[in-house]
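Since this is a predicted model, take the numbers as computed values, not measurements. Letters go in sequence order (proteins before strands), and every chain restarts at 1.
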There are 2 protein chains.
Amino acid sequence: MSITIKRLAQELNLSVSTISKALTDSHEISAETKQRVIQKAQELNYKPNPYASSLRGRKSKTIAVVLPEIADSFFSLAINGIEEAASEKGYHVLIYLTHESFLKEEAMLKDFQNGRVDGILISVSRETAGSTHIQEVIDRGIPVVFFDRIREDVSTAKFTTNDYESSYNATLHLLEKGCRNLSFLCISRDLLISNSRIQGYQQALKDKNMPEAETAVINCTNNAEENYRMIKALLSGKQRPDGIIASVEKLTNPVYLACQELQLRIPQDVKVLSFSNLETAPLLNPALTTVTQPAFDMGKAAANLLLKCLQKKHSILGKDTQVIPSTLIVRQSTV
Amino acid sequence: MSITIKRLAQELNLSVSTISKALTDSHEISAETKQRVIQKAQELNYKPNPYASSLRGRKSKTIAVVLPEIADSFFSLAINGIEEAASEKGYHVLIYLTHESFLKEEAMLKDFQNGRVDGILISVSRETAGSTHIQEVIDRGIPVVFFDRIREDVSTAKFTTNDYESSYNATLHLLEKGCRNLSFLCISRDLLISNSRIQGYQQALKDKNMPEAETAVINCTNNAEENYRMIKALLSGKQRPDGIIASVEKLTNPVYLACQELQLRIPQDVKVLSFSNLETAPLLNPALTTVTQPAFDMGKAAANLLLKCLQKKHSILGKDTQVIPSTLIVRQSTV
DNA sequence: TTTATTTACGAAATCGTTTTCGCATTACTG
DNA sequence: CAGTAATGCGAAAACGATTTCGTAAATAAA
């Protein structure tokens, strides 16, 4: 059995309420009594029961982080930032993975309506095309902050990177390096982040008066083997692109592997550029040109905003989107 | 305000206890009443307050995962496995990162003494040299399962991989490929996992009658720049090794970078082998030979055991260590 | 000295569930 | 038909902390 306040009260011949007040340093309690209580609490190794506190105080000092996956440097780094921000302020972090399933995401958000968490950080799944499940928890008074994979139709704070611009610049870069037939690999048509990148890509093509190839935008799936087949087909087709932009990190591997298998040289035959936070990008064969996202910073900033909101009384999150820029790092795969 | 049982009771002209029993499908309640209650609950979108339940039932359906870091494929994959196991059984996962600090780890475990979590999965920090902080939570009745970075002096369940054997085999592999002057990069002398790998390495050297070089075992730190300097010094010294074993994933980057900078060719000048779960290992320049650990499986197995223990009444965890083997995958960096 | 005010503490309600009793009905048994 | 057993529900006591309110004593103000 754990030590409770009641037990402390007995030991010290004080009332339960006095103990509680003493431990929260209330002005109602004399310095001397506080001393005695604190000492005894340490002596008995008293730890307040968080569930009792949460029940009474209707706040849990816990936030939820909802992510599509974790085996992606971006999300790992983001969690790192989130955990750092949370632990600094004494908050706890619950992790939930949707594995890109909207149904799972929906079920999780439903579960959050019960008050398990004080707030939510979310990066939606690739299948997420609507927002009612998110709006519902917000309506229940639980603040939500988006990061990276945001949804614009929800009026709350969002952290993102300059997807359109980075993609535009990445495309320009490939064009400057001589590509005339680009392909763009995306993972969803529902994600804003994905669409912004597509649009940046397309706008750059347009601005440079490049015709879009048939192969221009490839919709990848959530199935790694399938993606690999598609990419291999793309690279062995007649219209074989001379440049590929992978809009997410996990599409890098199949591209490189397909090139190896097809004996295509990077960058001579195909230039490759990826949105990625892989630490090993400079070590790849050849070193990979990346659009590197501010993963850690986005996670930390999003968490900090959410926590600030939680710590105030009735503060409501702004609905503005904060943009933290990505960096294009040119390496050999596009030279 | 949230919908509570009391509210349901009012709406249906029933007592609070009846509602509760109906919702838990108690035999005391008639089928008809159950139907009414369930229907009303859905209608009002009733969600039981988890903190009230936890307080009453003294279990939280939550486990803690304590890790040194997350920007490491091994731990990302392990979390993946853990989350999968937990969500299957309706458990929630709290994530805590020690950043290799023993003090943080200790503080976290102290915090767990209050009943926030029903059980703990832990991979200890590189600084962790004692176990009293872990033994204390166990003594408080909170089960702990180790994975990967285990401590043998705690009598509880542990999941690990065949570190000694993998390291032994990895070393043999390098010797077979002609190396005569190996170096081994480790991160801690306190971690069993690290020591096992060192011992496997040393035993292989001994079995093959190889003298240990001066440079044999290098203690790396938690500081990336410092490690880089050390590795560079190692590779530019007189006793330059012709083979390097990096005992953790994050030491791969500095080795490759140092080789690049020093214009050393892998594998001709130096062969490189790493304990790593990097998906990009086959894409590196050159492709990296790895000892690949069963990260996902270890995470999932450890979580499943912990959860099974939590779901039984008074079950106590065995103290035996389960070993899930790693795989040596030979690639060009050691050919 | 009397009244007002502070100081220091305790009793009890509360948060929302779960669970143990107890108490009526109704159904069954001998 | 008396007595036992099952059925269906409600009252109330937990779980452990916080908070409001009350009150006695001590101090200050009149």
Please give me the minimum heavy-atom distance between B:Val37 and B:Leu12, naming the atom from each residue. CA-CD1, 3.8 Å
For B:Met298 and B:Thr160, work out which heavy atoms get closest and say how close. CE-CA, 3.7 Å
Between [X] and [N], is there a side-chain N or O to OP1/OP2 distance below 4.0 Å?
X	N	result
B:Tyr51	D:dT18	no
B:Arg58	D:dG16	yes
B:Ser17	C:dT19	no
B:Ser30	D:dG8	no
B:Thr33	D:dC9	yes

Donor-acceptor pair present, B:Arg56 side chain and C:dT17 base, under 3.5 Å: no
Answer yes or no: side-chain N or O of B:Lys21 and base N or O of D:dG10 forming a donor-acceptor pair under 3.5 Å.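 Under the 3.5 Å cut-off, the side chain and the base do form a donor-acceptor pair.
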Do the ring planes of A:Phe147 and A:Phe75 sit parallel (below 30°), tilted (30 to 60°) or perpendicular (above 60°)? perpendicular
Find the distance [X]:[atom1] to [N]:[atom2] and express it as a whole number of Å.
X	N	atom1	atom2	answer
A:Asn13	C:dC9	CG	P	13 Å
A:Arg116	C:dG16	CZ	P	16 Å
A:Glu28	D:dT23	CD	P	15 Å
B:Ile19	C:dT19	CD1	P	16 Å
B:Lys6	C:dT14	NZ	P	8 Å
A:Leu55	C:dT17	CG	P	9 Å
A:Arg7	D:dC15	CZ	P	14 Å
A:Leu12	C:dC9	CG	P	12 Å

With the side chain of [X] defined as its heavy atoms from C-beta on, choose the nearest nucleotide among [options].
X	options	result
A:Ile29	C:dC9, D:dG10, C:dG16	C:dC9
A:Ser15	D:dA17, C:dT19, C:dG10	C:dG10
B:Ser53	D:dA17, D:dC15, C:dT17	C:dT17

Working to the nearest 0.5 angstrom, can you tell me the gap between B:Arg140 CZ and A:Lys47 NZ?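 The distance works out to 7.0 Å.
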Given the side-chain rings of B:Phe296 and B:Phe74, with only the six-membered ring counted for Trp, is the space between their centroids under 6.0 Å? no
Just call it for B:Lys47: base, sugar-phosphate, or nothing, with non-hydrogen atoms closer than 4.0 Å on any strand. sugar-phosphate
Angle between the end axes of the helix from C:dT1-D:dA30 to C:dG30-D:dC1, five pairs per end, to the nearest 10 degrees?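 Answer for the end axes of this duplex: 50°.
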Cut-off 3.5 Å, side chains only: do A:Ser17 and A:Ser15 have a donor facing an acceptor? yes
With no hydrogens and no angle check, is any side-chain donor or acceptor of B:Ser53 less than 3.5 Å from a backbone partner on B:Asn49?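 A pair under 3.5 Å: yes.
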Main-chain N/O of A:Leu55 paired to A:Lys59 side chain as donor or acceptor, under 3.5 Å: no
